[in-house]
*Asks:* 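One structure coming up, written as structure tokens, with questions to follow.
Just so you know, ligand 1 is whichever comes first in the structure, and atom 1 is the first atom listed for that ligand. The chain is numbered in sequence order, starting from 1.
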Amino acid sequence: MTDPETLPIVRTVHHLRAMVYAWRREGQRVALVPTMGALHDGHLGLIRLAKRQADRVVASVFVNPTQFAPHEDFETYPRSEASDAAALTQEGCDLLYAPSADAMYGPGFATTVSVQGVSSPLDGLARPHFFGGVATVVAKLLIQCAPDMAIFGEKDYQQLQVIKRMAADLDLPVRIIGAPTARAEDGLALSSRNAYLTPDQRQIAGMLNKIMAAAAEMVAEGGWVQTAETEGQAALLAAGFEKIDYFEFRDSFDLRRLGPDRADGVPRLFAAVWLGKTRLIDNRGL
Ligand code: PAF
């Protein structure tokens, strides 16, 4: 295990590349786990998966301003570099890359990576700025680090599909790996934003996964997609969720809407719901 005192932290592309290129010259495979910090067990599961797949693991912590709209929680997003570094050290991570916003977006920065199609529905409608910000920063992180593979959680399933599309379209020489969603005991998907929930909201939040499971089961057993969606939405409001951005079955690969008998794709259920100021997202296959 890495000595807790010695997890190196680098803040510039120059220092990042010096370490990664040295490992790669020795024939070691490098995995990158991009994060925005406030690490929880879901993130640490990604590090564990990375350690099984690669010889060296780099985690990045960067709260990316360009994926937040002005009214969103960029300023208040939890930041905890010291405890993140300690947790990464415990997991045997080899390097933490934590650039400043000025280092990431230098003077005159003017480029955006825009992924058509898969970015458009769901969070693309609810948060129109979001996937441009994500695709741009992930493209930069992949080019800066040049890992053999990069690992992302399936909790942000649409984000994962956007990143896979981008990496394929831009011929980025990296394998994009999706990791299953880590969940609390009551099924709530782990997320840094769960920290915003009051105890009462946290109780209600546990119902999301159960309501999604019931809707997915209904469709898996041959029920109508639209009925499962309508009943699921009613159940969410009855459970105490205040607003629903979406609760929809879509194709697992290109996130297209499916026909009523869903024979034209592989259905997956996507949800985004609000409790007070907190927006929770989740997804599940049948
Ligand atoms: O999922 C996240 O934490 C972020 O969207 C990511 C992929 C690190 C890009 O900022």
*Asks:* Quick one: hydrophobic cluster around Phe68, which other residues, with the 4.5 Å side-chain cut-off, linked directly or via members?
*Replies:* Met36, Val63, Phe74, Tyr77, Tyr196
*Asks:* Using a strict cut-off of less than 4.0 Å between a Lys/Arg side-chain nitrogen and an Asp/Glu carboxylate oxygen, indicate whether Asp148 and Arg29 qualify as a salt bridge.
*Replies:* no
*Asks:* For a side-chain contact (heavy atoms from CB on, under 4.5 Å) with Ile177, tell me which candidate from Val33, Leu49, Leu160, Leu46 qualifies.
*Replies:* Leu49
*Asks:* Any chance you could measure Arg268, atom CZ, to Arg284, atom CZ, to the nearest 0.5 Å?
*Replies:* 9.0 Å
*Asks:* Tell me which pairs pass salt bridge (charged side-chain N to carboxylate O under 4.0 Å, His left out) where either residue lies in residues 226-235, with sequence neighbours left out.
*Replies:* Glu229-Arg257
*Asks:* Do any nitrogen or oxygen atoms of ligand 1 lie under 3.5 Å from a protein nitrogen or oxygen, and which ones?
*Replies:*
from	atom 1	to	atom 2	distance (Å)
ligand 1	1 (O)	Gln159	NE2	2.9
ligand 1	5 (O)	Gln67	NE2	2.9
ligand 1	5 (O)	Gln159	OE1	2.7
ligand 1	10 (O)	Gln67	OE1	2.6

*Asks:* Tell me, please, which residues at least two apart from Phe249 pass ring pair (Phe, Tyr, Trp, His ring centres under 6.0 Å).
*Replies:* none
